[in-house]
There are 2 protein chains.
Amino acid sequence: MTKIDDVARLAGVSTATVSRALRGLPTVSAATRRRVLAAAEQLDYAVSPSASRLAGGRTGTVAVVVPRITRWFFATVVEAVEEVLHSAGYDLLLHNLGGREQTRQRVLRTANLHKRADAVLLVATPLRAADLTALTALDLPGAIISSGSVVPGWPCVRIDDVAAAHAATRHLLGLGHRRIAHISGDPEDELAFTTHLDRRRGYQEALRAAGIMPDPGLDVESQFTIDGGHQATVELLRRGDPPTAVFAACDEMAMGALRALREAGLRVPQDVSVIGIDDHDLSVVLGLSTVAQPAAEQGRLAARILLDPLVGSPRLPRSASSVILPTRLVVRDSTAPPRAD
Amino acid sequence: MTKIDDVARLAGVSTATVSRALRGLPTVSAATRRRVLAAAEQLDYAVSPSASRLAGGRTGTVAVVVPRITRWFFATVVEAVEEVLHSAGYDLLLHNLGGREQTRQRVLRTANLHKRADAVLLVATPLRAADLTALTALDLPGAIISSGSVVPGWPCVRIDDVAAAHAATRHLLGLGHRRIAHISGDPEDELAFTTHLDRRRGYQEALRAAGIMPDPGLDVESQFTIDGGHQATVELLRRGDPPTAVFAACDEMAMGALRALREAGLRVPQDVSVIGIDDHDLSVVLGLSTVAQPAAEQGRLAARILLDPLVGSPRLPRSASSVILPTRLVVRDSTAPPRAD
DNA sequence: CTGAAAGCGCTTACAG
DNA sequence: CTGAAAGCGCTTACAG
């Protein structure tokens with residue numbers, strides 16, 4: 001492997017100058033820079049990241065933590081984040097919680113973030129007191145996407161979950177539905193996410209605004225997945241006196257609901273209407289009505305906000321402001337007025 | 001930040017001993033190890049990865065390259081790989097090609113893999129001559145999932161794509177179909193994947209074995225995505241004299257086909273049968289017949305094979321063997337005999 | 001604009 | 001089983 005000394009020798013300068021020239025620092029004359037670049041090129045030189053990190057204190061890496069990379073929202077966010085990071089020359093260290101509390105602790109509380117990244121991006125990752133303490137102790141810049149958790153000084157990019165749920169529920173109410181069920185996230189979930197709490201609030205507020213008391217019998221909790229939606233809907237139907245509409249807290253749950261309803265011999269939307277939140281890639285295929293949220297846009301924006309202080313002037317004042325992106329009701333074939341009987 | 005010297009001082013030993021004790025090397029007495037661990041614990045010490053990498057030459061990191069993390073297969077593989085890697089104490093550096101040739105070159109040909117990882121896992125990543133040269137020059141261990149490309153010395157985990165396509169087509173033939181269309185990957189694709197070539201071969205071989213000449217008019221190329229499947233099917237229908245069955249090269253394309261058929265007023269499976277390959281999470285929801293492939297299993301297996309020589313005895317003989325995992329025909333509601341007319 | 005030298009924080013032969 | 005010392009390959013004040 002060629003080292004910086006080899007380049008310095010060939011270019012006839014010191015290693016300090018090579019280092020400066022290669023990183024594009026302004027304190028190098030044009031002629032010198034040209035010679036250094038040519039030498040580096042000729043020797044096919046590539047800086048040693050470990051050495052550079054140790055000496056410079058920067059890793060050129062951002063750690064990204066997601067609950068489940070296999071879910072539409074997180075995969076879409078990660079793809080957008082990856083694009084922004086790599087365009088800026090940063091590497092992406094991926095941590096997938098996978099629903100395991102043990103993993104969460106490994107990632108957030110141990111030294112797994114320590115000196116491995118210049119910044120941390122938490123996507124919908126719930127934080128407990130001990131996590132917050134550990135994270136704060138790291139003293140890293142960070143950003144958050146779509147989480148109820150707050151880290152002091154970390155900007156947050158998200159949608160208004162209460163409003164999105166409110167819009168979905170209002171759509172059903174507007175069609176004439178009164179018995180509107182809700183299937184949502186599990187409070188027993190090891191990881192204690194908060195998104196589903198906001199969405200339930202929007203659901204309940206919309207009902208109350210229409211003069212309807214939320215019926216606990218129509219509110220079933222399960223996982224934020226296709227299977228979760230399926231199970232929740234099976235349970236809902238088991239309780240008897242089925243609802244005329246189901247508002248699922250995310251499109252994947254809505255898809256599980258579609259399956260459970262079909263298995264029960266109920267037609268959508270003739271017998272039961274279904275709406276979700278997300279606008280998953282497949283929702284259009286299924287004709288699923290939903291409240292669309294901009295997943296890639298949230299990823300891009302958060303990555304840019306995160307990178308800004310890292311790549312810009314060393315110490316810009318951090319703007320730890322939050323950004324709330326708009327959602328949009330998308331009506332397809334899974335919602336219709338209730339049957340007249 | 002506490003450093004190794006602090007731990008050494010508190011434990012009353014040299015930094016060399018701290019280093020050995022913390023890494024669990026056998027050449028440390030039990031008593032000393034206990035003292036070192038206690039000191040490290042007390043000081044909340046965590047090794048500096050950069051320093052450790054520079055001195056030791058190992059990064060504790062594996063680079064994973066996928067075409068598109070948003071596609072079901074790749075997200076599922078990455079989740080499984082992440083789990084195995086992190087359980088073994090390895091970090092995962094994610095590279096998403098995103099369909100851009102420029103990105104591919106950045107990842108594979110430049111120094112982006114250089115000294116940043118101890119090993120590379122390529123998932124369905126097509127390799128050109130220049131890529132192979134660059135990869136070989138890195139002199140890293142690696143493994144491949146599901147790619148037609150071969151890197152000398154790198155084991156490969158995959159399914160038999162020809163056989164999977166053969167099985168899907170045979171299923172349609174068995175139902176009585178004769179006009180079976182195929183929608184598949186695009187040869188104009190910047191990244192030149194090969195999976196779709198194998199799947200087309202399986203399709204054609206199955207047809208020929210049934211005495212049917214493959215009809216180029218029934219073979220449409222597009223992207224390996226929902227939209228790609230949609231477009232290909234629209235094109236297929238535009239050509240007139242529609243097929244009685246569509247074999248899509250992956251479930252996502254099949255889903256796009258379902259949508260296009262529905263938009264064209266054709267019923268599945270009464271008017272047209274549809275089958276894919278994958279067993280995507282949503283295929284069950286859509287009632288899509290498919291040939292299931294074990295995505296997570298491929299990821300787990302490849303990660304273990306990759307890690308084996310890294311974590312085991314320093315120089316085990318590399319077994320660069322390939323593993324082919326079985327697929328399985330899953331018949332659901334999207335395939336049926338052709339109409340009798 | 002450039003260089004000599006110290007230092008980043010570990011690991012690894014080498015010696016005992 | 002343990003330690004002193006060199007070295008991993010850069011970057012960064014500091015001086016000029």
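By convention in this document, chain letters (A, B, ...) are assigned in the order of the sequence lines, proteins followed by strands, and residues within each chain are numbered from 1.
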- Span of DNA chain D in contact with chain A (heavy atoms, under 4.0 Å): D:dG9 to D:dA13
- Check the pair A:Phe73, A:Gln298 against side-chain contact (heavy atoms from CB on, under 4.5 Å), reporting the backbone distance first and the verdict last. CA-CA 10 Å; A:Phe73 180 74; A:Gln298 289 177 73; 3.6 Å; yes
By the 4.0 Å heavy-atom rule, please label [X] as base, sugar-phosphate, or nothing.
X       : answer
A:Arg58 : sugar-phosphate
A:Thr32 : sugar-phosphate
A:Pro49 : nothing
B:Ser29 : sugar-phosphate
B:Ser52 : sugar-phosphate

- Message: Quick check for you: to the nearest 0.5 Å, what is the distance between B:Arg300 atom CZ and B:Glu79 atom CD?
- Response: 10.0 Å
- Item | No-hydrogen, no-angle side-chain donor-acceptor test under 3.5 Å, B:Arg33 and B:Ser29 | no
- Message: Ignoring hydrogens and geometry beyond distance, is a side-chain donor-acceptor pair present between B:Thr15 and B:Asp5 at under 3.5 Å?
- Response: no
- Are A:Asp6 and A:Arg9 close enough for a salt bridge, meaning some N to O gap below 4.0 Å? yes
- In Watson-Crick or G-U wobble terms, with both distances under 3.5 Å, the base opposite C:dC14 is D:dG3
- Message: Quick check on DNA chain D: between B:Arg35 and B:Ala55, whose nearest nucleotide comes earlier from the 5' end?
- Response: B:Arg35
- Task: From the options A:Leu307, A:Leu121, A:Asp91, select the one residue that forms a side-chain contact (heavy atoms from CB on, under 4.5 Å) with A:Leu85.
- Result: A:Leu307
- Item | Stepwise side-chain hydrogen bond (donor to acceptor under 3.5 Å, both in side chains) check, B:Thr17 with B:Ser14 | CA-CA 5 Å; B:Thr17 298; B:Ser14 72; 3.3 Å; yes
- Message: side-chain contact (heavy atoms from CB on, under 4.5 Å), that's the test. Do A:Val64 and A:His95 meet it? Break it down for me.
- Response: CA-CA 6 Å; A:Val64 176; A:His95 291 279; over 6 Å; no
- Item | 5' priority, DNA chain C, between B:Leu25 and B:Ser48 [closest heavy atom] | B:Ser48
- Message: Within residues 13-24 of chain A, which residues have any heavy atom lying less than 4.0 Å from an atom of DNA chain C?
- Response: A:Val13, A:Ser14, A:Ala16, A:Thr17, A:Arg20
